[in-house]
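Take a look at the structure set out below.
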Amino acid sequence: PAWLGELARFIDARAAAHPDESYTARLLAGGLPRIAQKVGEGGVEVALAAVTRDADGTTDEIADLLYHLTVLMRAKGIDWARIIRVLR
């Protein structure tokens, strides 16, 4: 979907900013261990939200996880088209 490309482009733009001005740039500077930690935390938060929060709260956590997954994908050189191919 087009919005996944939009998310990836947003991540690319924020990655180019100075780390003092961009959480994305700081996260990428922290390397794969830090990014992977955030993905893991996000997955747990989605699972917990699914059983303890309403749809809006769960949506917020899913959005956060998608953001961190997209940062991880950028760090690993994986694009959404590749993920879509696997899902298909």
Side-chain angles (χ1 to χ4, degrees):
W3 65 268
L4 293 172
E6 184 179 338
L7 176 59
R9 287 187 297 278
F10 172 79
I11 301 278
D12 288 343
R14 298 307 300 149
H18 191 279
D20 289 342
E21 300 170 0
S22 168
Y23 171 70
T24 302
R26 283 193 303 280
L27 191 56
L28 287 162
L32 285 171
R34 179 67 178 142
I35 299 166
Q37 176 187 4
K38 295 303 290 182
V39 169
E41 290 170 3
V44 169
E45 289 169 0
V46 167
L48 290 172
V51 296
T52 63
R53 296 177 67 186
D54 64 8
D56 288 339
T58 304
T59 299
D60 291 345
E61 296 301 340
I62 291 170
D64 189 59
L65 178 58
L66 279 173
Y67 162 80
H68 285 100
L69 283 170
T70 307
V71 172
L72 176 67
M73 290 165 52
R74 184 186 192 283
K76 296 289 288 185
I78 300 167
D79 63 17
W80 277 108
R82 185 173 178 176
I83 301 300
I84 299 289
R85 282 193 302 273
V86 171
L87 289 170
R88 285 186 176 147

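Keep in mind that the numbers below use all heavy atoms, side chains included, and drop hydrogens, waters and symmetry copies. What you see is a predicted model, and the numbers here were worked out from it, not measured in a lab.
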Any salt bridge (Lys or Arg N to Asp or Glu O under 4.0 Å) pairs touching residues 77-88, not counting sequence neighbours? none
Taking the side chain as everything from C-beta on, heavy atoms only, tell me whether Leu69 gets closer than 4.5 Å to Ile83. no
Indicate yes or no for a side-chain donor-acceptor contact from Thr58 to the backbone of Ala49 under 3.5 Å, with no hydrogens or angles considered. yes
Polar side-chain atom of Arg14 near backbone of Glu21 as donor-acceptor pair, under 3.5 Å: yes
In chain order, what residues pass the side-chain contact (heavy atoms from CB on, under 4.5 Å) check against Arg9, with sequence neighbours excluded? Glu6
Closest approach of Ala15 to Thr24 (non-hydrogen atoms, all atoms of both residues): N-CG2, 4.0 Å
At what distance, to the nearest 0.5 angstrom, does OG1 of Thr52 lie from CD of Glu61? 8.5 Å
Using the rule given for side chain to side chain contact (heavy atoms under 4.5 Å, CB included), can you reason through Leu32 versus Leu72, listing the C-alpha separation, both sets of side-chain angles and the distance that settles it, and then say yes or no? CA-CA 7 Å; Leu32 285 171; Leu72 176 67; 3.8 Å; yes
Of the non-hydrogen atoms in Ile35 and His68, which two are nearest, and what is the gap between them? CG2-O, 4.2 Å
Out of curiosity, Arg74 CZ to Asp12 CG, how far, rounded to the nearest 0.5 Å? 4.5 Å
When rounded to the nearest 0.5 Å, the distance separating CG of Asp64 from CD of Glu41 is 9.5 Å
State the CD1-OG1 distance between Ile11 and Thr70, to the nearest 0.5 angstrom. 5.5 Å
Straight-line distance of Leu65 CG to Asp60 CG, nearest 0.5 Å: 12.5 Å
Atom pair CZ/CH2 of Phe10 and Trp3 - distance to nearest 0.5 Å: 14.0 Å
With ILVMFWY side chains joined below 4.5 Å, transitively, what does Leu48's cluster contain besides itself? Val44
